[in-house]
Visitor: 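What follows is a structure written as structure tokens; I'll ask about it next.
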There are 2 protein chains.
Amino acid sequence: MTCTPTHLASQIQEHGFRLTRQRLAILNILYDSGGHLTPTEVFQRLHVLLPGVTEPTVYRNLDFLRQHGFIHATSTPSGRLEYQIVTHSHHHLTCKICGATIEFEDEHLQPLFARLEEMTGYHLSEHHVTFMGFCPQCKSKGE
Amino acid sequence: MTCTPTHLASQIQEHGFRLTRQRLAILNILYDSGGHLTPTEVFQRLHVLLPGVTEPTVYRNLDFLRQHGFIHATSTPSGRLEYQIVTHSHHHLTCKICGATIEFEDEHLQPLFARLEEMTGYHLSEHHVTFMGFCPQCKSKGE
DNA sequence: GTCCTTATTGTAACTTGTTGCAATAAGAAA
DNA sequence: TTTCTTATTGCAACAAGTTACAATAAGGAC
């Protein structure tokens with residue numbers, strides 16, 4: 001999957017969607033951040049670039065970009081969504097006691113995907129995955 | 001994991017937490033529904049049983065019960081959370097075109113859990129998993 | 001039963017996210 | 001370029017979810 005805003009912009013147009021200033025700015029913001037952003041964070045940065053832009057536009061575009069696979073959404077432990085440019089995807093595992101979070105690559109889920117596709121006949125295109133537990137340090141203390 | 005409201009109520013007290021009317025009513029509502037409920041749905045039903053109850057109490061209790069493992073939360077494709085009594089857990093795989101949803105048992109994720117625990121040293125206690133893709137019928141049509 | 005501690009609740013104000021609809025502007029066609 | 005179509009936007013009102021803090025009530029001690 002390609003990941004520069006320019007390339008994504010071309011793809012959006014090739015798919016017959018319109019490339020608006022708002023949409024392009026959101027792609028640039030996500031790309032420049034280099035990580036996860038909440039809709040509110042995107043809105044705050046977008047508001048600097050394009051002062052007239054409103055929240056619904058941010059939410060609608062994030063959802064649009066996600067639905068069509070141009071960006072990824074990951075769900076936080078509290079159930080909120082964070083968005084990022086699709087580069088190489090990763091997931092989080094958070095300690096419920098000390099909050100220590102480690103990341104693991106998407107590719108570790110590949111065997112699971114293959115198995116699910118085989119079982120169900122579906123072709124998988126999106127997934128939201130969050131894990132929580134106890135890190136080695138806190139594990140001994142129990143809950 | 002046990003799953004009747006009465007048993008869960010005992011567990012809550014054994015852990016040193018207080019068993020309030022609100023908390024017990026929420027457990028009963030989730031149990032009676034037999035499936036997933038959104039916080040709003042819980043609130044609407046709770047409002048009938050205990051007219052004075054407010055939204056923050058619902059959200060706080062659902063989060064409390066989830067954090068301590070008395071109930072499960074599953075994240076919907078749109079990023080919202082739905083709650084259910086812990087019986088045997090399952091997950092969803094939804095077609096992005098026709099919306100057809102199939103369920104698969106939690107146990108299919110067990111090999112993944114084992115692997116993650118081995119890799120990371122963490123003990124896993126919670127996970128939120130949602131998959132989307134294209135069902136066999138829609139798959140041929142492409143996206 | 002009464003008293004005490006404090007976890008839990010309700011209230012009010014707030015933030016975040018959504019929806020309907022008219023106005024706008026992107027992209028195609030002439 | 002100008003015109004046309006309609007996807008996308010901004011606006012306004014609303015729905016969902018959160019937070020701070022004082023009031024309440026659960027559960028233990030007596």
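We name chains A, B, ... by the order of the sequence lines, and we start the count at 1 in each one.
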Visitor: With a 4.5 Å limit on heavy-atom distance, are the side chains of Ile71(B) and Leu27(B) in contact?
Guide: yes

Visitor: Could you check whether the rings of Phe64(A) and His68(A) sit parallel, tilted or perpendicular, using 30° and 60° as the cut-offs?
Guide: tilted

Visitor: Which is true for Pro39(B) with a 4.0 Å heavy-atom rule: it touches a base, it touches only sugar-phosphate, or it touches nothing?
Guide: sugar-phosphate

Visitor: Look at the side-chain N and O atoms of Thr57(A) and state whether any lies under 4.0 Å from the OP1 or OP2 oxygen of dG10(D).
Guide: yes

Visitor: Map Thr40(B) and Phe64(A) onto DNA chain D by nearest heavy atom, then report which one ends up closer to the 5' terminus.
Guide: Phe64(A)

Visitor: In this structure, how many angstroms lie between the P atom of dG17(D) and the CG atom of Leu46(B), rounded?
Guide: 15 Å

Visitor: Kindly indicate, with the supporting measurements, whether the criterion side chain to side chain contact (heavy atoms under 4.5 Å, CB included) is fulfilled by Arg45(A) and Leu37(A).
Guide: CA-CA 10 Å; Arg45(A) 302 183 189 199; Leu37(A) 291 181; 3.6 Å; yes

Visitor: Taking 4.0 angstrom as the limit, do Asp63(B) and Arg66(B) come out as a salt bridge?
Guide: yes

Visitor: Can you tabulate the close N/O pairs, meaning under 3.5 Å, that link protein atoms to atoms of nucleotides 26-30 of chain C?
Guide:
residue	atom	partner	partner atom	Å
dA26(C)	N3	Arg18(A)	NH1	3.2
dG27(C)	OP1	Gln13(A)	NE2	2.7
dG27(C)	OP1	Leu19(A)	N	2.8

Visitor: Whole angstrom is fine here: how far is it from NE2 in His47(A) over to P in dT15(C)?
Guide: 15 Å

Visitor: Which nucleotide in the set dC11(D), dG10(C), dT9(D) lies at the smallest distance from any side-chain heavy atom of Val53(B)?
Guide: dG10(C)

Visitor: Choosing from dA16(D), dG17(C), dG10(C), which nucleotide comes nearest the side chain of Tyr59(B)?
Guide: dA16(D)

Visitor: CD of Glu14(B) versus C1' of dG27(D): gap in Å, rounded?
Guide: 15 Å

Visitor: Rounded to the nearest angstrom, tell me the gap between atom CD in Glu55(B) and atom C1' in dC14(C).
Guide: 14 Å

Visitor: Leu65(B) and Ile12(B): side chain to side chain contact (heavy atoms under 4.5 Å, CB included), yes or no, with the steps?
Guide: CA-CA 9 Å; Leu65(B) 293 168; Ile12(B) 287 172; 3.8 Å; yes

Visitor: Rounded to whole Å, please give me the gap between CD1 in Ile12(B) and C1' in dA26(D).
Guide: 13 Å

Visitor: For a quick check of understanding: with a heavy-atom distance under 4.0 Å over all strands, which category does Arg23(B) fall into, base, sugar-phosphate or nothing?
Guide: sugar-phosphate

Visitor: What about Leu49(B) and Tyr59(B), same hydrophobic cluster or not, with Ile/Leu/Val/Met/Phe/Trp/Tyr joined at side-chain heavy-atom distances under 4.5 Å?
Guide: no

Visitor: Measure from the side-chain N and O atoms of His47(A) to the backbone N and O of Phe43(A), and report whether any donor-acceptor pair falls under 3.5 Å.
Guide: no

Visitor: Using atom CG of Leu62(A) as one end and atom P of dT18(C) as the other, report the distance to the nearest whole Å.
Guide: 10 Å

Visitor: In whole angstroms, how far is the C1' atom of dT18(C) from the CZ atom of Arg60(A)?
Guide: 9 Å

Visitor: In whole Å, I'd like the distance from the CG atom of Leu65(A) to the P atom of dT8(D).
Guide: 10 Å

Visitor: Of all the nucleotides listed (dC11(D), dT8(D), dG10(C)), which has the minimum atom distance to the side chain of Thr54(A)?
Guide: dC11(D)

